[in-house]
Amino acid sequence: MVMQSSLDRRIQSLFPLALASILVLGTMQLILDNLKSNGSYVFQIYSEPKGNRNAFFVLPEDRIEEGCNLFEGEWKWDNVSYPLYTEDSCPYLVKQTTCLRNGRPDSLYQNWRWQPNSCQLPHFDPLKLLDILRNKRLMFIGDSVQRAQFESMVCLVQSAIPEGEKSFHRIPPTKIFKAEEYNASIEYYWAPFIVESNSDHATNHTVLRRLVNLDAIAKHGKSWEGVDVLVFESYVWWMFKPQINATSGTPGIVQEYNVTTAYRLALETWANWLESNINPLVQRVFFMTMSPTHLWSWEWKPGSNGNCFNETHPIQEASYLGTGSSLTIMEIVRDILQKLNINVTVLNITQLSEYRKDAHTSVYGERKGKLLTKEQRSDPNNFADCIHWCLPGVPDTWNEILYAYLLRSHKNRL
Ligand SMILES: *[C@@H]1O[C@H](CO)[C@@H](O)[C@H](O)[C@H]1NC(C)=O
Ligand SMILES: *[C@@H]1O[C@H](CO)[C@@H](O)[C@H](O)[C@H]1NC(C)=O
Ligand SMILES: *[C@@H]1O[C@H](CO)[C@@H](O)[C@H](O)[C@H]1NC(C)=O
Ligand SMILES: *[C@@H]1O[C@H](CO)[C@@H](O)[C@H](O)[C@H]1NC(C)=O
Ligand SMILES: *[C@@H]1O[C@H](CO)[C@@H](O)[C@H](O)[C@H]1NC(C)=O
Ligand SMILES: *[C@@H]1O[C@H](CO)[C@@H](O)[C@H](O)[C@H]1NC(C)=O
Ligand SMILES: *[C@@H]1O[C@H](CO)[C@@H](O)[C@H](O)[C@H]1NC(C)=O
Ligand SMILES: *[C@@H]1O[C@H](CO)[C@@H](O)[C@H](O)[C@H]1NC(C)=O
Ligand SMILES: *[C@@H]1O[C@H](CO)[C@@H](O)[C@H](O)[C@H]1NC(C)=O
């Protein structure tokens, strides 16, 4: 049991102001992306998918064993196989994540491979993933951290698809990447609280005056209906203050809720939605646990007084856990998922990401849609972003794990 007082400390320690400005930054990115697309969406007509040209068989060794815990392990230096793509090879990366191009002096963070203790992660093969997703939709739902996972997944597969057979559309609050020949799509849906809130609009919302509708999800749910693989995530937007304004039950009656209470109610709403909308025979649901933040360097380097800035190596201490991950929120997730009567696969990426203090965008990202100025960069205590991740980077590993699960349950065609 985590004591209430330690929970409060954890929540408060998330440094509200830094968090707010960074969240605004994430939001701005969505706006800018939308502007960049300048309304000229290319809608391509599908040709019939070309038969089984790329059909593949999952070999027994491709399937992770039932008993293997992919989330326990360590980061191994591997500058031979990693990164799996580069900033230059992926045209879909947004400026917020391209740390090298933005001036980061070292690229060490790109060269780590996640090694589970008791088995091997299967080698990521974009063509296999595309075949798994043939005539299907994979959708990532959540905040800007989840958006990076979407972008990572697009980068992981896109190089395997020839020019002219792929497309990328931005239709707020969604982004859609399509592999035409496979009739497969990889999508992103902006919903920072999963349930409805006044932060759902892609361009007009507030971080400071957040208002969450804890029992409202139908508007979002419309866009999730029938999607073959759904990957949900929601954490950092909740962690701004110990309380949050929300409605539940009577619309229009706003109350302050403890964040933990609010989070539980929101996940219950989500769980009910899943139970009445998901067909477990044809749809697959994943839930990403929280992506940790590294706002306080004294947690891994006692006596220091910085943040993730200037960090170049993962934390070595086994099972290191900083205050960027709320164990109480973790308990709530576990509790809700245990009670669900459909299967949701938990991608428990918290611990493996906790080690990666070196992999955040730090001062090599954007703030309010613009790269940091030289002055801002020289003031990392106020300007480093220790929430978002550089790409290529840690979200690639989350996707390798997601891939491992999809591969394991893929049925070979005869
Ligand atoms: C829209 O974007 C395309 C490609 O990015 C560009 O060629 C075109 O000039 C833009 N149009 C306008 C009106 O900005
Ligand atoms: C890869 O890492 C090894 C060990 O640190 C180093 O000796 C080697 O120069 C690196 N190779 C490249 C291509 O960076
Ligand atoms: C293409 O994919 C969509 C979305 O998954 C699906 O609804 C549709 O049936 C597919 N088209 C064909 C020709 O299979
Ligand atoms: C933005 O949202 C607020 C609150 O939801 C609303 O009052 C305002 O009219 C909106 N502004 C625009 C430009 O849509
Ligand atoms: C809730 O809203 C009220 C009125 O806008 C505001 O004074 C209060 O600070 C808000 N509470 C939180 C936890 O944001
Ligand atoms: C909210 O948290 C405070 C302080 O941790 C606690 O005293 C209070 O009982 C909680 N309220 C509810 C409704 O859970
Ligand atoms: C960043 O790291 C370099 C090399 O380790 C060191 O020389 C420099 O003082 C560090 N800067 C800060 C602000 O910690
Ligand atoms: C995720 O893993 C941690 C151990 O790293 C465990 O404490 C936690 O309960 C797990 N979360 C869920 C939702 O299973
Ligand atoms: C969930 O999956 C497990 C293992 O695949 C299976 O045994 C169980 O029946 C499933 N539960 C539900 C409610 O579908």
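Residue numbers run from 1 in the order of the sequence given. Counting starts at 1 for both ligands and their atoms, following the listed order.
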(message) Less than 4.0 Å from atom 7 (O) of ligand 5, is there any heavy atom belonging to the protein?
(response)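 Under the 4.0 Å cut-off, atom 7 (O) of ligand 5 has no protein heavy-atom neighbours at all.
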
(message) If you scan the protein for heavy atoms around atom 4 (C) of ligand 8, do you find one that is closer than 4.0 Å?
(response)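 No, there is no protein heavy atom closer to it than 4.0 Å.
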
(request) Would you kindly say whether Gln351 and Ser319 are connected by a side-chain donor-acceptor distance under 3.5 Å? (result)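 There is no such pair (donor and acceptor under 3.5 Å, judged by atom type) between the side chains of Gln351 and Ser319.
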
(request) Could you go through the side chain to side chain donor-acceptor pair (under 3.5 Å) check for Thr350 and Thr289 one step at a time? (result) CA-CA 6 Å; Thr350 302; Thr289 61; 2.7 Å; yes

(request) Could you say whether the N/O atoms of Arg334 and ligand 8 ever approach to under 3.5 Å? (result)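 N/O-N/O distance under 3.5 Å: yes.
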
(request) Run down the list Asn69, Asn348, Leu327, Ile349 and name the one with the heavy atom closest to atom 11 (N) of ligand 8. (result)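 Residue with the shortest heavy-atom distance to the ligand atom: Asn348.
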
(message) Going by the closest heavy atom to atom 13 (C) of ligand 5, which one wins out of Gln243, Arg209, Arg210?
(response)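 Selected option, by shortest heavy-atom distance: Gln243.
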
(message) Show the atoms of ligand 2 that are less than 4.0 angstrom away from any heavy atom in Asn79.
(response)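 Those qualifying, in numeric order: 1 (C), 2 (O), 3 (C), 8 (C), 10 (C), 11 (N), 12 (C), 14 (O).
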
(request) Without swapping roles, check the side chain of Asn198 against the backbone of Arg209 for a donor-acceptor pair under 3.5 Å. (result)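 Looks like yes, one N/O pair under 3.5 Å.
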
(request) Could you tell me whether the side chain of Arg356 and the main chain of Tyr109 form a donor-acceptor pair under 3.5 Å? (result)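 It does hold such a pair.
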
(request) Number the atoms of ligand 8 from 1 as they appear, then name those within less than 4.0 Å of a heavy atom of Gln351, with their elements. (result)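 Numbered from 1, ligand 8 contributes 5 (O).
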
(message) Quick check: His360 with His388 (ring centres under 6.0 Å apart)?
(response)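 Ring centroids of His388 and His360 are no less than 6.0 Å from each other.
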
(message) Using ring centroids (six-membered ring only for Trp), state whether Trp270 and Phe287 fall under 6.0 Å.
(response)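 That pair passes the under 6.0 Å test.
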
(message) Suppose I only count heavy atoms of Glu256 and a 4.0 Å limit; which atoms of ligand 5 are within that range?
(response)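 Every atom of ligand 5 under 4.0 Å from some heavy atom of Glu256: 1 (C), 8 (C), 10 (C), 11 (N), 12 (C), 13 (C).
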
(request) Report yes if Asn245 has an N/O atom closer than 3.5 Å to an N/O atom of ligand 5; otherwise report no. (result)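 Yes, there is a polar N/O contact under 3.5 Å.
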
